[in-house]
Amino acid sequence: HPGAQQNAESFLHPKNGPSRAVERAVHIYQEQGVVLKYSKPTRWKVRLRNGLRLKGSGKHCLADEFHNLARLDRSSLSPQAYGYVCRWYFGFLCEELLVLEYIPESRTVDDVVLSKEQGVESVLSCVFAGFSEMLAEGFVHLDPHPGNILLTAQGDVRFVDFEGCCFDDIDEAFSLAFCMGRFYRFWFFKFMAEAVYDDIVASFVFNARFSLGEQQRFWPTYSAFKKEDTSRKQCRQYFTSRRIREKFIASSALSYPNK
């Protein structure tokens with residue numbers, strides 16, 4: 001946002017002298033190319049909540065991203081987190097700074113599709129393979145839209161923006177349905193007709209060899225996430241509460257047309 005670079009510079013080089021934590025962040029920044037994410041909450045409720053680190057609130061902050069990436073330290077699907085720094089003022093979180101690995105020779109799915117250098121179906125195949133690999137590694141990215149997924153020059157998939165991530169109680173059919181449905185809703189529908197997308201999803205699910213029970217969970221869930229807007233808070237609840245998730249699946253099944 002306007003002024004972000006200036007704010008980051010003043011944060012890295014405060015007038016009263018940097019703390020030891022800030023010095024380490026500056027050292028990393030000077031050593032190699034990195035991504036520097038800066039956040040300055042303005043609403044006092046957000047500053048208090050993020051400062052208290054209320055777990056399960058469904059709220060996102062850079063501290064969440066740092067902790068999530070720490071758990072994924074050896075994953076080939078995520079960038080490394082080099083450091084996190086924050087500033088406080090009378091118990092309120094004022095500023096956050098997160099230093100991440102820069103992934104060279106990579107572009108977002110958006111950029112790749114718009115460039116027309118690679119076919120849309122080919123891009124989608126890479127993304128779906130990335131979803132499967134993600135689940136195999138035991139985590140779910142809670143905001144898998146085309147701007148949060150990178151394709152490298154080698155054709156590998158990397159996910160970014162890990163403020164929302166789930167590691168526990170991974171339901172493969174539900175998780176894959178969530179990723180595929182939400183990916184189309186936000187906002188791959190701009191690049192591919194729904195019927196074509198559904199056919200590719202059906203082919204992928206067939207090859208995944210889901211059981212009948214898994215398919216009964218997958219299709220209503222996929223349809224619901226594809227057609228309805230869901231907030232980040234709701235998505236987090238579906239993955240952290242089995243009761244809420246099963247209620248959502250049951251509700252989706254009632255509105256799903258039998259084929």
Side-chain angles (χ1 to χ4, degrees), residues 24-25 28-29 31-39 53 55-56 58-86 96-112 118 122-183 186 188 204-205 207-208 225 232 235-240 245:
R24 285 200 296 270
I28 295 169
Y29 176 70
E31 287 257 321
Q32 57 187 322
V34 296
V35 174
L36 191 136
K37 296 185 71 173
Y38 174 80
S39 175
R53 306 284 188 269
K55 294 184 178 180
K59 307 302 180 182
H60 297 62
C61 63
L62 295 187
D64 290 336
E65 182 166 9
F66 177 70
H67 291 304
N68 289 334
L69 288 173
R71 294 187 64 172
L72 293 168
D73 186 47
R74 298 184 181 278
S75 174
S76 62
L77 297 175
S78 64
Q80 285 187 307
Y82 294 139
Y84 169 80
V85 189
C86 61
E96 293 181 289
L97 185 73
L98 181 63
V99 186
L100 303 173
E101 173 192 8
Y102 172 71
I103 303 173
E105 298 182 358
S106 63
R107 294 187 295 172
T108 66
V109 168
D110 273 346
D111 290 341
V112 174
Q118 186 174 345
S122 175
V123 171
L124 194 59
S125 177
C126 293
V127 172
F128 284 1
F131 287 158
S132 290
E133 188 176 352
M134 173 185 71
L135 297 180
E137 291 194 11
F139 74 93
V140 180
H141 192 296
L142 296 186
D143 197 12
H145 64 69
N148 281 343
I149 302 174
L150 304 181
L151 296 179
T152 68
Q154 294 74 35
D156 298 324
V157 171
R158 301 286 292 272
F159 296 90
V160 295
D161 198 3
F162 278 83
E163 294 180 15
C165 191
C166 182
F167 300 91
D168 304 315
D169 194 19
I170 302 298
D171 179 328
E172 183 177 0
F174 179 85
S175 300
L176 189 61
F178 161 76
C179 290
M180 290 179 165
R182 190 171 177 84
F183 181 76
F186 301 98
F188 206 71
F204 192 90
V205 171
N207 292 328
F225 280 116
R232 294 192 300 183
C235 293
R236 183 179 180 87
Q237 289 176 334
Y238 296 147
F239 281 93
T240 56
R245 178 167 68 244

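Just so you know, these numbers come straight off a predicted model, no measurement behind them.
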Student: Counting C-beta onward and ignoring hydrogens, is there a side-chain heavy-atom pair between Lys37 and Glu96 closer than 4.5 Å?
Tutor: no
Student: If you measure from CG on Asp110 to CG on Leu151, what distance do you get to the nearest 0.5 Å?
Tutor: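 One gets 10.5 Å once the value is rounded to the nearest 0.5 Å.
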Student: Rounded to the nearest 0.5 Å, how far does OG of Ser175 lie from CG of Leu135?
Tutor: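 Nearest 0.5 Å value for the CG-OG distance: 5.5 Å.
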Student: Nearest 0.5 angstrom please: Phe162 CZ to Leu98 CG, how far?
Tutor: 12.0 Å
Student: Taking only residues two or more places apart in sequence, or in another chain, which ones meet Ser122 in a side chain to side chain donor-acceptor pair (under 3.5 Å)?
Tutor: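 Testing Ser122 for side chain to side chain donor-acceptor pair (under 3.5 Å), a comparison that skips the adjacent residues, returns Gln118.
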Student: Using 0.5 Å steps for rounding, measure from the CG atom of Leu97 to the CG atom of Leu36.
Tutor: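 It is 4.5 Å, given to the nearest 0.5 Å.
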Student: Evaluate Glu65 against Leu100 for side chain to side chain contact (heavy atoms under 4.5 Å, CB included), listing each step before the verdict.
Tutor: CA-CA 10 Å; Glu65 182 166 9; Leu100 303 173; 3.8 Å; yes
Student: Is the shortest side-chain heavy-atom distance between His145 and Val109 below 4.5 Å?
Tutor: no
Student: I would like to know whether Phe174 and Phe239 meet ring pair (Phe, Tyr, Trp, His ring centres under 6.0 Å); could you show each step before the answer?
Tutor: CA-CA 9 Å; Phe174 179 85; Phe239 281 93; 5.3 Å; yes
Student: If you look at every heavy atom in Glu101 and Pro79, which pair is closest and at what distance?
Tutor: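 Looking at all heavy atoms of both residues, the closest pair is OE1-CA, 3.4 Å.
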Student: Which heavy atom of Cys126 sits nearest to which heavy atom of Val157, and what is that distance?
Tutor: O-CG2, 3.2 Å
Student: Testing the basics here: between Phe66 and Ala81, what is the closest heavy-atom pair and its distance to 0.1 Å?
Tutor: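 For Phe66 versus Ala81, the nearest heavy atoms are CD1-CB, 3.8 Å.
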Student: If you compare all heavy atoms of Ile103 against all heavy atoms of Ser106, which two are closest, and at what distance to 0.1 Å?
Tutor: O-OG, 2.7 Å
Student: Check step by step if side chain to side chain contact (heavy atoms under 4.5 Å, CB included) holds for Glu163 and Leu62.
Tutor: CA-CA 6 Å; Glu163 294 180 15; Leu62 295 187; 3.6 Å; yes
Student: Rounded to the nearest 0.5 Å, what separation is found between the CG atom of Leu72 and the SG atom of Cys165?
Tutor: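 If I round to the nearest 0.5 Å, the distance is 5.5 Å.
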Student: Apply the test side chain to side chain contact (heavy atoms under 4.5 Å, CB included) to residues Phe178 and Phe131: give CA-CA distance (whole Å), side-chain angles for both, the deciding distance (0.1 Å), then the verdict.
Tutor: CA-CA 10 Å; Phe178 161 76; Phe131 287 158; over 6 Å; no
Student: Hey, does Gln80 have a side-chain heavy atom less than 4.5 Å from the side chain of Leu69?
Tutor: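 Not touching, per the 4.5 Å side-chain cut-off.
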Student: Using side chain to side chain contact (heavy atoms under 4.5 Å, CB included) as the criterion, list what pairs up with Glu137, not counting sequence neighbours.
Tutor: Ser75, Ser76, Leu77, Glu133, Phe139
Student: What's the shortest heavy-atom distance between Leu142 and Cys235, and which atoms?
Tutor: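 It is O-CB, 4.5 Å.
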Student: Just wondering, do Met134 and Cys179 contact through their side chains at under 4.5 Å, heavy atoms?
Tutor: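 Counting from C-beta outward, Cys179 and Met134 do come under 4.5 Å.
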Student: When rounded to the nearest 0.5 angstrom, what is the spacing between CG in Leu124 and CZ in Phe183?
Tutor: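 Here the rounded value is 6.0 Å.
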Student: Side chain to side chain contact (heavy atoms under 4.5 Å, CB included) for Phe167 and Asn68? Distances and angles first, verdict last.
Tutor: CA-CA 9 Å; Phe167 300 91; Asn68 289 334; 3.6 Å; yes
Student: Closest approach of Val160 and His141, non-hydrogen atoms and distance?
Tutor: O-NE2, 2.8 Å
